[in-house]
Structures are given as C-alpha cells and as structure tokens.
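See below for the structure under consideration.
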Amino acid sequence: MNWRRAAIAAALMVPVVLLFKHSMTQDPHEIPSPLPGNPAPQFQLAVFAPGQPPLQRPVGDTVRLADLKGRVVVLNFWASWCLACRDEHAGLSEVARGYAGKPVTFVGSLYQDSPSNGTQWITEMGGQSYPSVNDPKALTAIDYGLYGVPETFFIAADGKIARKITGPAPPQVVRQIIDSLLASTSSP
C-alpha cells in the first residue's frame, strides 16, 4: 500500500520538477513577441517634443512609418512616470546622436501620459536628441503588443520588425542591433 502512495507522489512530482527546471533556463526579462519577422504595424503620430539638431522635427509634424521605409527605425515606448525609462534615456539619446546622418531614425512614443508631462520630463532629464510622438489612445502601443514601458522595437529597412527589447535598452545592445541591421541592408 505504501509503495503505491510513493509511486503516485513521485508521478505527481515529475511534472513539477520539469516545469521548475524549464523556468530556470528562461530569461525573466525576455517576453516573447509574435512581431519579429513580420511587417511593423503602421502608424502616423504627431510630434510633441522636437528633439535636438540634427535629429529634430517640428512640433506638430507627423511621423509616418510608411515615410521611413528604407531606414532602420528605433521605436522606443516610454512615459514620464516610468522609473526604468530614466535608466535608458541618456544612453538612447547618445546612441541616436551617433547615428545622425545615417539611414537610422529614432522615435520616442509617449505611452499613457500627457505631452505636457512628457516635455517636462525630457527637460528634467537634460533633453532628448530625437523627437517624441504622442500616442493619445495608445492604439500604436496596442498594435505593437506593448507589455509596459520601456520597450524598444527595431524595424529593419524592409519594414519588418527585427528585434524587441523589453525594459531599459542598454546602449551597447542598441548599437549592435542597429549595426547588424545596417550591415544586412547594405549586403546584396
């Protein structure tokens, strides 16, 4: 009788142990997305924060993804209330300045926040080299399957999503992804 209980207990523990083992091999920061490899959802959003020369765009200008075909696009979703966004802000601005004059466009997209809070935050953070757009009803964020902020999407020159970073985007990783996308664009 006792051996039956032991066998049942062992049989029930095997799936639990396997699930635990599998979870230990996963990166908790990586949230899978079905978008990489697929065409990026189109958007057209108004600029509320212009950025700085030479990357600036006028306030009220409309950024259309369709107009950026042939360029690598770095689309960063952020908010003034997001503490993790502070961690990546200066690094993203620096990386964007480094790609000025190259076929790379950085766009910040304000998520569930007001443009006035966004511009105040940018000022407090010492400025931003690239423009930010307002996504007032978060429709673009929904199209991109946003889990939270910050999240950064890398759109290849062919208009397909190449990569996504959930959480603060480390500058060296952003550069590696952009360089690989630029290299694949220039190869035959």
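What you see below is based on every heavy atom in this structure, not just the backbone, and it leaves out hydrogens, waters and symmetry mates. None of the values given here were measured: they were computed from a predicted structure.
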Problem - Thr105 side chain to Val73 backbone, donor-acceptor under 3.5 Å - result: no

Exercise for the section: Any chance you could lay out the side chain to side chain contact (heavy atoms under 4.5 Å, CB included) test for Asn76 and Tyr130, step after step, and finish with the verdict? Expected result: CA-CA 11 Å; Asn76 175 255; Tyr130 54 91; 4.2 Å; yes

Practice task
Mark yes or no for whether Ser184, through its side chain, and Leu181, through its backbone, hold a donor-acceptor pair below 3.5 Å.
Solution key: yes

Practice task
Please examine the side chains of Gln128 and Gln52, heavy atoms only from C-beta on, and report whether any two atoms are closer than 4.5 Å.
Solution key: no

Practice task
Indicate whether the side chain of Gln172 and that of Gln176 have a donor and an acceptor atom separated by less than 3.5 Å.
Solution key: no

Practice task
Decide yes or no for Val63 and Val47: does some side-chain heavy atom of the first lie under 4.5 Å from some side-chain heavy atom of the second?
Solution key: yes

Practice task
With sequence neighbours excluded, tell me which residues meet side-chain hydrogen bond (donor to acceptor under 3.5 Å, both in side chains) with Ser80.
Solution key: Asp113

Handout entry: Sidechain-backbone polar pair: Asp135 side chain, Tyr111 backbone, donor-acceptor under 3.5 Å
Key = no

Practice task
For the pair Asp179 and Arg175, find out whether any cationic side-chain nitrogen is under 4.0 Å from an anionic carboxylate oxygen.
Solution key: no

Exercise for the section: Answer whether the closest heavy-atom distance between the side chains of Phe153 and Leu146 falls below 4.5 Å. Expected result: yes

Exercise for the section: Go through the steps to decide whether Asn117 and Ser114 satisfy the test side-chain hydrogen bond (donor to acceptor under 3.5 Å, both in side chains), and finish with yes or no. Expected result: CA-CA 5 Å; Asn117 287 344; Ser114 71; 3.2 Å; yes

Problem - Side-chain heavy-atom pair Val174, Tyr99 within 4.5 angstrom cut-off - result: no

Handout entry: Side-chain heavy atoms of Pro50 within contact of Pro131, under 4.5 Å
Key = no

Handout entry: Check: Ala84 main-chain N/O paired with His89 side-chain donor or acceptor under 3.5 Å
Key = no

Practice task
For the pair Arg57 (side chain) and Thr62 (backbone), establish whether a donor and an acceptor sit closer than 3.5 Å, ignoring hydrogens and angles.
Solution key: yes

Problem - Heavy-atom donor-acceptor pair, Asn134 side chain to Leu45 backbone, under 3.5 Å - result: no

Practice task
May I ask you to test the Pro41-Tyr144 pair for a side-chain heavy-atom distance under 4.5 Å?
Solution key: yes

Handout entry: Ring center gap for Trp121 and Trp81 short of 6.0 angstrom
Key = no

Handout entry: Under 3.5 Å: donor-acceptor pair, side chain of Gln42, backbone of Ala66
Key = yes

Practice task
Grab the two heavy atoms, one from Glu88 and one from Pro168, that are nearest each other, plus how far apart they are.
Solution key: OE1-CA, 3.4 Å

Handout entry: Pairwise side-chain contact, Val107 with Val133, heavy-atom cut-off 4.5 Å (strictly under)
Key = yes

Exercise for the section: Could you tell me whether the side chain of Pro103 reaches within less than 4.5 Å of the side chain of Leu182, counting heavy atoms only? Expected result: yes

Practice task
Establish whether Phe106 and Leu110 are linked, either directly or via other cluster members, by ILVMFWY side-chain heavy-atom contacts under 4.5 Å.
Solution key: no

